Amino acid sequence: NTNDLANKDYELENVATVPSVTQDVAMDGTVDGIYFYGASLLFESKVAIRYYFGASNGVDGYTFCVGDASYTAKEKDGYYYVDIPGINPQDLDKTVELTVTGADNAELTVAYSPLMYIQRMYHKDNSSAELKNLLQAMYGYHLAAATFTGIQEEETLPDTTVYYWNDF
């Protein structure tokens with residue numbers, strides 16, 4: 001009923017505070033002909049990390065793996081990207097290491113986590129209010145999911161009120 005919304009007259013208070021300490025992407029090694037360009041998040045039913053690479057001669061002959069899983073790079077706007085899907089909310093702080101291997105078996109490993117994106121974009125001056133609201137809600141959801149699944153003990157979480165989905 002769009003004329004009588006469930007959250008009408010509801011004010012949200014004490015939302016989770018996104019930490020301002022940010023980490024840099026960790027990289028180890030090099031592979032001739034390809035370089036790490038950047039990373040972003042995809043907001044779907046589960047979060048996905050998208051790693052971007054520059055490769056002037058294409059990506060034939062390179063492999064892209066996370067653990068034992070292999071991924072196919074796709075081209076977009078002159079860059080290549082690899083999506084790592086299916087990241088659960090309680091795991092947004094977990095680093096995902098993507099390894100690129102060249103034909104000569106040289107390796108480049110890029111380590112990135114969704115929390116790195118959340119922190120960086122939330123505190124970026126030109127991020128929109130809508131994006132900041134989404135990122136703050138995601139961070140609160142991450143804290144609640146981590147507590148619910150027992151990944152973190154509640155007393156180790158930041159001093160903030162965590163709202164659960166049914167509180168909104």
Side-chain angles (χ1 to χ4, degrees), residues 7 12 15-29 31 33-56 58-60 62-101 107-149 151-152 157-158 160 162-168:
N7 64 347
L12 185 62
V15 295
T17 302
V18 176
S20 60
V21 175
T22 59
Q23 297 176 334
D24 292 329
V25 175
M27 292 186 290
D28 184 37
V31 176
I34 193 166
Y35 63 92
F36 175 68
Y37 178 74
S40 64
L41 291 188
L42 302 177
F43 305 102
E44 298 174 346
S45 59
K46 288 188 179 177
V47 172
I49 296 176
R50 178 170 282 178
Y51 292 91
Y52 288 94
F53 295 90
S56 57
V59 293
D60 289 340
Y62 298 101
T63 60
F64 300 85
C65 297
V66 174
D68 293 333
S70 182
Y71 297 89
T72 301
K74 299 175 184 168
E75 194 272 332
K76 178 181 179 182
D77 300 329
Y79 291 94
Y80 295 87
Y81 69 89
V82 176
D83 292 342
I84 310 302
I87 300 170
N88 290 314
Q90 67 270 20
D91 298 327
L92 296 180
D93 61 341
K94 304 293 185 266
T95 301
V96 176
E97 292 186 354
L98 175 71
T99 300
V100 181
T101 305
E107 292 184 341
L108 166 64
T109 301
V110 181
Y112 191 76
S113 75
L115 187 56
M116 290 176 179
Y117 178 89
I118 290 169
Q119 291 171 314
R120 179 174 55 89
M121 295 305 291
Y122 183 83
H123 294 288
K124 191 174 179 180
D125 290 338
N126 62 350
S127 291
S128 70
E130 292 83 6
L131 179 59
K132 288 184 178 198
N133 288 340
L134 171 65
L135 297 173
Q136 187 172 36
M138 284 183 65
Y139 182 67
Y141 185 36
H142 160 69
L143 294 176
T147 299
F148 179 76
T149 59
I151 291 174
Q152 295 178 350
L157 296 175
T160 184
V162 175
Y163 288 94
Y164 296 88
W165 183 252
N166 62 353
D167 289 339
F168 289 93

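Computed from a predicted structure; not experimentally measured.
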Rounded to the nearest 0.5 Å, how far does [atom2] of [Y] lie from [atom1] of [X]?
X      : Y      : atom1 : atom2 : value
Asp24  : Met116 : CG    : CE    : 8.0 Å
Met27  : Tyr35  : CE    : OH    : 12.0 Å
Asp83  : Lys74  : CG    : NZ    : 6.5 Å
Arg50  : Leu98  : CZ    : CG    : 13.0 Å
Tyr62  : Tyr80  : OH    : OH    : 10.0 Å
Arg120 : Ser20  : CZ    : OG    : 15.5 Å

Item to check | Residue pair Tyr79, Tyr37: steps toward the ring pair (Phe, Tyr, Trp, His ring centres under 6.0 Å) verdict | outcome: CA-CA 8 Å; Tyr79 291 94; Tyr37 178 74; 4.0 Å; yes
So do the side chains of [X] and [Y] get within less than 4.5 Å of each other, counting heavy atoms only?
X     : Y      : value
Ile34 : Val100 : yes
Ile87 : Leu92  : yes
Thr99 : Val66  : no
Val25 : Val110 : yes
Glu44 : Pro85  : no
Val47 : Met138 : yes
Tyr51 : Val96  : yes

Work out which heavy atom in [X] is nearest to a heavy atom in [Y]; give both atom names and the distance.
X      : Y      : answer
Val59  : Ala55  : CG1-CB, 4.1 Å
Met121 : Leu135 : CB-CD1, 3.6 Å
Ile49  : Pro114 : CD1-CD, 3.7 Å

Hey, does the side chain of [X] reach the backbone of [Y] with a donor-acceptor pair shorter than 3.5 angstrom?
X      : Y      : value
Ser127 : Tyr122 : no
His123 : Ile118 : no
Gln136 : Ala16  : yes
Glu130 : Asn133 : no

Item to check | Of Lys94, Lys46, His142, the residue whose pairing with Asn88 passes side chain to side chain donor-acceptor pair (under 3.5 Å) | outcome: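 Only match with Asn88 under side chain to side chain donor-acceptor pair (under 3.5 Å): Lys46.
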Checklist entry - Quick one: which of Tyr112, Tyr81, Tyr117 gives a side chain to side chain contact (heavy atoms under 4.5 Å, CB included) with Ser40? => result Tyr117
Checklist entry - Picking from Leu115, Asp93, Leu134, what satisfies side chain to side chain contact (heavy atoms under 4.5 Å, CB included) with Tyr139? => result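 Among the candidates, only Leu115 passes.
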When you look at [atom1] of [X], are more than 12 heavy atoms from neighbouring residues, nucleotides or ligands closer to it than 6.0 Å?
X      : atom1 : result
Asn126 : CG    : yes
Phe43  : CZ    : yes
Gln23  : CD    : no

Next on the checklist: Looking only at the aromatic ring of each residue, does the gap between the centers of Phe53 and Phe64 stay below 6.0 angstrom?
Outcome noted: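 They qualify: ring centres under 6.0 Å apart.
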Next on the checklist: Distance alone, cut at 3.5 Å: any donor-acceptor contact between the side chains of Ser113 and Thr95?
Outcome noted: no
